[in-house]
Amino acid sequence: MKAQHIIDQFRASGVQTCFHGRHIEPQIYAGLDGSNWSLKDYEARGGYQALRKILGKDGAPPNPETGAVGMTQDQVIATVKESALRGRGGAGFPTGLKWSFMPRQFPGQKYLVCNSDEGEPGTCKDRDILMYNPHIVIEGMAIAAYAMGISVGYNYIHGEIFAAYERFEAALEEARAAGLLGDAILGSSFNFQLHAAHGFGAYICGEETALLESLEGKKGQPRFKPPFPASFGVYGKPTTINNTETFAAVPWIIRNGGAAYLACGKPNNGGTKIYSISGDVERPGNYEIPMGTPFAKLLELAGGVRGGRALKAVIPGGSSSPVLPASIMMECTMDYDSIAKAGSMLGSGAVIVLDETRCMVKALQRLSYFYMHESCGQCTPCREGTGWLSRMVDRVENGQGRASDMDLLDNVAENIQGRTICALGDAAAMPVRAMIKHFRHEFEHHVLHKTCMVPAYV
Amino acid sequence: MISDATRARFDKEVAKYPAEQRQSAVMACLAIVQQEQGHLSAESEQLVAEYLGMAPMAVHEVSTFYNMYNLKPLGKYKLNVCTNLPCQLRDGQKALHHLEHKLGIHMGETSADGLFTLQQSECLGACADAPVLLVNDRSMCSFMSDDKLDQLVDAIRAAEGKA
């Protein structure tokens, strides 16, 4: 047997993370089984109905008052605003508002970009969307392009999930062949060319301006903002960037209305959200549930804490988000406002669960190494500071810490935060400060006794 | 020399971008070269630079910035094991150590038979499938228990006549 064939077999035996049937009212993952990603399957699930609707190609009768068919650009944006859809990539910025920033009368080329550079540790939701429901992203992007008067788009996909890039390219071919992308879409006057691009291993390119640099064929070093991408984006042209899951939410909103989307979440936090649960749970995976679902319910869906152990802490929104102790987390609901109120952030929805046997110093050691490794080196506080933090956590973990290290860690982190061009500096600082705040006693134990407070586990 | 087959793949990437923005295809072109040749050399970077109308140094800036480009010849199979926190909590580190033992090399090294290069990697974006292994940049293998790692390595060795 050929070696590549063997590797393919191992590949095929893998991913099962979103076909478990334990979602609650799913919209994006609804009805997926791993084999039904193609255009005809997507259309059988009601796919491209939203695009037909806005273009007036769904067979609906004209508006009795105006005689118009379809939806105007303003109507699409108003619907997305009403839905309270917020950016699913991490920042939670209101999507409709972002779309309204795009200068619609700009005379030159404008661009639409999808950020599928999913590299925030803990996050693996966009991979499953791209692999198993790629057309929902294409339709969402086409609707966004229509609303903002954009004729060219790119989907920049994390290099490590190359199969998702290939799958998305295959879906693009299908959509073009069916007249759903390209010139005169569905016989209308709307043109939209969409292409896929890939990264090749750089966490920083998930930051939107670094992504733009990378898309232009450069190293991914973030740009200073302002100017924001809405005025100076790809090739210096007005550009709107949204996350994969954000675009994927749009077709449902157009089909069912903004109010219906808002109603299935909670005020200011519309719709469903996909959470990637990893770490110490029985059934890690992706779970799509309404915004505002209690964390306890999400944990239950994931089979609870592994081995029946007690929950110690949760990193609720990807590795950059501040860790929360179990007692605080169990009181939270899973939405932007509740997690923010608890002192952390919902981020990308990557929920990393740590049980009672975990050493928090060891956990932070790995994260701090990661941020040092992935700092692009452009800003001194981040380039030097992330290395300093990593070396300090290292020595505490290895029993060479000093009594002053906890205060110094907090101080160095504080001096990185807010002093860099992009958010990677903050992302490196926040986990450190939260760990010291909530689990200082574990660090002190390490310094004093040169060993973990909990049994060794690796 | 860029072969016609390679040039056709390059052309497909370049066609995605405005005519005056050929440089945008550099990431994809370098990935194609790496897939065909195993690594990037100064000569291949030079060819990509000429094809895209870029300064060779601008190409080199890209190849040295992104983690997945191989800047020197590696084993025939590059094994990247994610050890970031979500994977570490589900035996990612253990999988790396297991492979070190199985292959008789440390991470970062290439086995004496030239078959395997073992690397620790940062988040591969498959956190719920840990332990995960990325083979030659393009094949993600999920839930790689020690048994499955052994099976994979043994099967590749057998296929290559080095069992």
Side-chain angles (χ1 to χ4, degrees), chain A residues 1-4 6-8 10-11 13-15 17 109 118-124 126-127 154 158-163 195-203 214-220 235 276-280 284-286 315 319 350 352-354 358 363 366-367 370 373-374 376 458, chain B residues 13 16-18 21-28 30-31 52 54 58 61-62 64-69 76-77 80 83-91 93-94 121-130 132-144 148 151-152 155-156 158-160:
Chain A
M1 203 190 294
K2 285 240 171 74
Q4 186 55 48
I6 293 159
I7 295 164
D8 287 343
F10 278 88
R11 185 157 90 164
S13 69
V15 191
T17 47
Q109 184 67 53
E118 181 176 55
E120 175 75 12
T123 322
C124 51
D126 297 337
R127 175 198 60 175
Y154 295 100
H158 196 48
E160 287 88 336
I161 49 171
F162 214 85
H195 305 283
H198 67 75
F200 222 57
Y203 169 70
S214 184
L215 195 53
E216 293 182 3
K218 302 168 189 164
K219 56 185 173 175
Y235 313 129
S276 304
I277 306 190
S278 63
D280 296 321
N286 288 317
I315 302 174
S319 63
I352 306 171
V353 175
L354 297 108
R358 300 304 183 181
R366 187 62 186 85
L367 290 182
F370 167 68
H373 190 269
E374 295 299 321
C376 82
V458 176
Chain B
E13 297 300 329
K16 296 174 179 176
Y17 306 99
Q21 301 290 351
R22 294 171 66 86
Q23 177 170 349
S24 282
V26 66
M27 300 275 291
L30 290 174
L52 295 175
M54 295 170 67
E61 268 190 7
V62 170
T64 52
F65 185 83
Y66 297 88
N67 296 329
M68 289 166 68
Y69 293 116
K76 190 167 178 186
Y77 299 94
N80 276 30
T83 61
N84 207 306
L85 180 60
C87 276
Q88 177 179 291
L89 296 173
R90 298 192 80 86
D91 295 338
Q93 210 104 42
K94 197 164 149 268
S121 86
E122 291 305 336
C123 187
L124 297 172
C127 315
D129 302 1
V132 284
L133 177 70
L134 185 63
V135 183
N136 284 350
D137 308 323
R138 297 184 186 221
S139 300
M140 183 92 73
C141 301
S142 303
F143 304 113
M144 296 304 283
K148 283 176 73 178
Q151 287 166 24
L152 179 69
I156 291 177
E160 295 286 347

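Source: prediction; values computed, not measured. Residue numbering restarts at 1 for every chain, and letters A, B, ... go by the order of the sequence lines.
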Between A:G220, A:S214, A:A350, which has the largest tally of heavy atom pairs under 4.5 Å with chain B?
-> A:G220

Hey, what do you get for CE (B:M144) to CZ (A:F10), rounding to the nearest 0.5 Å?
-> 5.0 Å

How far apart are the closest heavy atoms of B:D129 and A:R127, and which atoms are they?
-> OD2-NH1, 3.0 Å

How far does CE of B:M68 sit from CZ of A:F162, to the nearest 0.5 angstrom?
-> 7.5 Å

Most contacts with chain A, counted as non-hydrogen pairs under 4.5 angstrom, among B:R22, B:Q21, B:M54 | B:Q21

Highest number of heavy-atom pairs under 4.5 Å with chain A among B:V135, B:L124, B:L30 belongs to B:L124

Using distance alone, with no hydrogens and no angle criterion, decide if A:R366 and B:T83 have a side-chain donor and acceptor under 3.5 Å apart.
-> yes

All heavy atoms of B:A159 vs all of A:A3, minimum pair found to be CB-N, 3.8 Å

With no hydrogens and no angle check, do the side chains of B:N136 and A:Q4 hold a donor and an acceptor under 3.5 Å apart?
-> no

Can you check whether B:Y17 and A:Y235 have ring centres sitting under 6.0 Å from each other?
-> no

Step-by-step side chain to side chain contact (heavy atoms under 4.5 Å, CB included) determination, A:E160 to B:N80 = CA-CA 10 Å; A:E160 287 88 336; B:N80 276 30; over 6 Å; no

Could you give the distance from CD (B:E160) to NZ (A:K2), rounded to the nearest 0.5 Å?
-> 10.5 Å

Which portion of B:L134 sits near chain A, non-hydrogen atoms under 4.5 angstrom | side chain

In short, B:P86 meets A:P121 closest at the heavy-atom pair CG-C, 3.9 Å

Report the option among A:G159, A:G199, A:A196, A:G217 that has the most heavy-atom pairs separated by less than 4.5 Å from atoms of chain B.
-> A:G217

Part of A:H198 within contact of chain B (heavy atom distance under 4.5 Å) = both

Shortest non-hydrogen contact from A:F200 toward B:Y69 | CD2-CE2, 3.3 Å

Is it the backbone or the side chain of A:Q109 that comes under 4.5 Å from a heavy atom of chain B, or both, or neither?
-> neither

Has the side chain of A:E118 got a donor or acceptor atom that lies under 3.5 Å from a matching backbone atom of B:G125?
-> no

Short question: side chain of A:Y203, backbone of B:C123 - any donor-acceptor pair under 3.5 Å?
-> no

If you look at every heavy atom in B:K16 and A:Y154, which pair is closest and at what distance?
-> O-OH, 2.8 Å

Options B:D137, B:V26, B:L52, ranked by heavy-atom pairs under 4.5 Å with chain A, top entry = B:D137

Donor-acceptor pair, A:S278 side chain versus B:A128 backbone, under 3.5 Å?
-> no

A:I7 side, atom CD1; B:L133 side, atom CG - distance, nearest 0.5 Å = 9.0 Å

Where on B:E13 is there a heavy atom nearer than 4.5 Å to chain A: the side chain, the backbone, both, or neither?
-> side chain

Under 4.5 Å to a heavy atom of chain B? For A:T123 that would be backbone

Toward chain B, the part of A:L367 with a non-hydrogen atom under 4.5 Å | side chain

Per-residue tally against chain B (heavy atom, under 4.5 Å) across A:E374, A:K218, A:E216 peaks at A:E216

Minimum heavy-atom distance between A:I6 and B:I156, given as atom pair plus value | CD1-N, 4.3 Å

For each of B:A25, B:A28, B:S24, B:P18, tally heavy-atom pairs with chain A at distances under 4.5 Å, and name the one with the top tally.
-> B:S24

